[in-house]
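Following: one structure in structure tokens, then a few remarks.
Just so you know, these numbers use all the heavy atoms, side chains as well, and skip hydrogens, waters and symmetry mates.
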Amino acid sequence: MRVITQHTLGGPEVLSVEDAPEPRPLPTEVLVRVRAIGLNPLEARLRAGEFPLLGRPPFVLGWDLSGVIEDASQTWRFRPGDEVFGMPLFPRAARAYAEFVAVPALHLVRKPASLSHVEASALPVVGLTAWQGLVDLGGVGEGTRVLVHGGGGGVGHVAIQIAKALGAHVVTTASGSKRKFVEDLGADEVIDYTAVDFAEAVRDIDVVLDTIGGDTVERSLHVLRPGGHLVTATSEEDTALIAAYEAAGMRFSGIAVDPDPVALRGLVDLVEQGRLRVHVQRTFPFEQVADAHRLLDGGHLQGKLVLTL
């Protein structure tokens with residue numbers, strides 16, 4: 001088997017391909033032959049040593065995966081040959097940058113025929129973050145006014161579609177170059193953050209979904225209606241911000257995405273209804289993971305990057 005490992009806290013050029021023993025499934029696990037791996041900005045931050053979620057290098061990155069069941073002897077849920085996808089084990093290491101991974105069967109769902117392995121591998125982290133933020137925390141429904149920050153990015157472009165499917169009126173921030181992209185996804189209003197201050201342009205929002213962080217979270221307080229709710233994937237432990245929102249009569253929720261097969265099946269239902277699509281900006285062969293991470297480091301992506309095997 002060949003896996004991607006990391007040896008220092010340096011840049012993406014230090015990622016390399018090495019031989020390693022094939023993993024074996026434990027009880028309730030399955031062995032998956034990986035066909036595609038979705039990349040996420042978090043992985044670039046881990047590789048750069050920004051925080052020790054996985055300890056110190058060397059470690060193997062990756063959570064988003066789509067592939068084929070190789071060994072299902074420890075569970076009744078799947079059979080060899082089943083096509084599956086998911087985001088196993090997060091925030092523990094799933095080590096998805098590999099040809100084979102052994103992961104909990106409960107953290108996977110069957111891949112629908114309407115999704116390619118590339119598309120399926122791009123969906124779990126961004127889809128579950130958006131679903132858990134909008135549905136589980138935000139309670140978005142018919143007539144809800146939602147502001148999605150970064151609508152052209154990985155989480156944002158999926159969040160727009162989920163919110164629209166739930167019946168919401170969706171406002172999003174995006175650069176002018178991504179206006180058509182987010183409008184085609186269903187955004188009702190687009191705020192070009194390079195030209196307009198969203199805090200001056202938007203009012204009476206019920207739910208804000210933030211994946212940008214920084215002062216965007218603080219300034220979002222001013223766009224919410226009384227009793228409105230900010231859900232953030234970037235500032236969930238900022239006690240000063242939490243206090244500021246509560247003092248203003250607003251709700252503040254932080255989200256750290258969890259493996260969730262029920263939500264994954266909800267995403268699959270939207271895909272099969274034609275109400276959700278995941279945009280892949282570019283694919284890279286597995287051996288070009290360093291090039292993929294260089295592009296990931298640059299930010300300002302439209303949708304997702306995917307490694308293929």
Side-chain angles (χ1 to χ4, degrees), residues 1-6 11-18 32-47 60-70 83-88 90 94-101 103 108-130 150-161 177-178 180-182 184-185 211 264 267-268 270-272 276-309:
M1 188 187 71
R2 299 168 67 82
V3 299
I4 299 300
T5 62
Q6 176 176 317
E13 65 275 8
V14 303
L15 292 168
S16 61
V17 180
E18 295 186 349
V32 180
R33 181 186 293 272
V34 179
R35 297 300 191 195
I37 306 154
L39 272 61
N40 295 283
L42 172 65
E43 292 156 34
R45 297 174 64 191
L46 288 170
R47 189 205 68 241
V60 181
L61 293 169
W63 283 276
D64 275 340
L65 64 90
S66 183
V68 180
I69 297 292
E70 186 81 5
E83 296 185 323
V84 295
F85 76 108
M87 182 201 72
F90 189 87
R95 302 180 177 91
Y97 286 24
E99 290 182 3
F100 295 88
V101 292
V103 297
L108 302 171
V109 299
R110 285 178 172 79
K111 182 186 76 65
S114 56
L115 280 179
S116 68
H117 282 297
V118 166
E119 293 166 329
S121 74
L123 183 57
V125 167
V126 297
L128 289 176
T129 301
V155 174
H157 89 286
V158 173
I160 290 170
Q161 297 173 81
S177 63
K178 295 181 180 178
K180 185 177 187 307
F181 175 64
V182 297
D184 288 346
L185 296 173
T211 60
L264 273 180
L267 294 170
V268 168
L270 291 182
V271 168
E272 294 189 318
L276 175 63
R277 59 185 175 87
V278 60
H279 178 77
V280 177
Q281 176 174 322
R282 186 173 171 184
T283 63
F284 293 83
F286 191 55
E287 294 77 10
Q288 293 180 15
V289 61
D291 293 331
H293 268 251
R294 290 187 184 100
L295 185 56
L296 190 67
D297 284 342
H300 302 290
L301 299 174
Q302 185 165 295
K304 294 290 295 287
L305 303 178
V306 171
L307 301 174
T308 59
L309 287 84

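For the atom pair R45 CZ and L296 CG, the distance stands at 11.5 Å (nearest 0.5 Å). For the atom pair CZ (F286) and CG (L307), the distance works out to 7.0 Å, reported to the nearest 0.5 Å. The structure places CD of E99 at 10.0 Å from CZ of R35, a figure rounded to the nearest 0.5 Å. With rounding to the nearest 0.5 Å, the separation of CG in L128 from CE in M87 is 5.0 Å. Here the straight-line distance linking atom CG of L264 with atom CG of L108 works out to 8.5 Å at 0.5 Å rounding. A distance of 6.5 Å separates CZ in R282 from CG in L295, rounded to the nearest 0.5 Å.
Counting all heavy atoms, side chain and backbone alike, V101 lies closest to A98 at CG1-CB, 4.0 Å. The minimum heavy-atom distance linking R110 with F85 is given by the pair O-CE2, 3.8 Å. The two residues A292 and L39 make their nearest non-hydrogen contact at CB-CD2, 3.6 Å. Residues S66 and K111 share a closest heavy-atom pair of OG-CD, 3.6 Å. Among all heavy-atom pairs drawn from S114 and E119, the shortest one is O-OE1, 3.9 Å. The minimum heavy-atom distance between P88 and A94, with the atom names listed, is O-CB, 3.3 Å.
Residues L42 and W63 are in side-chain contact: their nearest non-hydrogen atoms beyond the backbone lie under 4.5 Å apart. V125 places none of its side-chain heavy atoms less than 4.5 Å from the side chain of F90. Two residues are said to be in side-chain contact when any heavy atoms from C-beta on lie closer than 4.5 Å; V126 and N40 meet this criterion. Using a 4.5 Å cut-off on side-chain heavy atoms (C-beta onward), D64 and E43 make no contact. No side-chain heavy atom of V158 sits under 4.5 Å from any side-chain heavy atom of K304. Side-chain atoms of L309 and I37, non-hydrogen and from C-beta on, do get closer than 4.5 Å to each other. For the pair F181 and I160, the minimum side-chain heavy-atom distance is 4.5 Å or more. Two residues are said to be in side-chain contact when any heavy atoms from C-beta on lie closer than 4.5 Å; H117 and V68 meet this criterion.
In this structure, K178 has no salt bridge (charged side-chain N to carboxylate O under 4.0 Å, His left out) partners at least two apart in sequence or on a different chain. For the side chain to side chain contact (heavy atoms under 4.5 Å, CB included) test, residues two or more places apart in sequence or in another chain that qualify with T283 are V118, V280, V306, T308.
Using a cut-off of 4.0 Å between Lys/Arg side-chain N and Asp/Glu carboxylate O, R294 and D297 are scored as not salt-bridged.
For the pair Q281 (side chain) and Q302 (backbone), a donor-acceptor distance under 3.5 Å is present. Between the side chain of H157 and the main chain of H279, a donor-acceptor pair closer than 3.5 Å is present.
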Can V32 and I69 be said to form a side-chain contact (heavy atoms from CB on, under 4.5 Å), step by step?
CA-CA 5 Å; V32 180; I69 297 292; 4.1 Å; yes

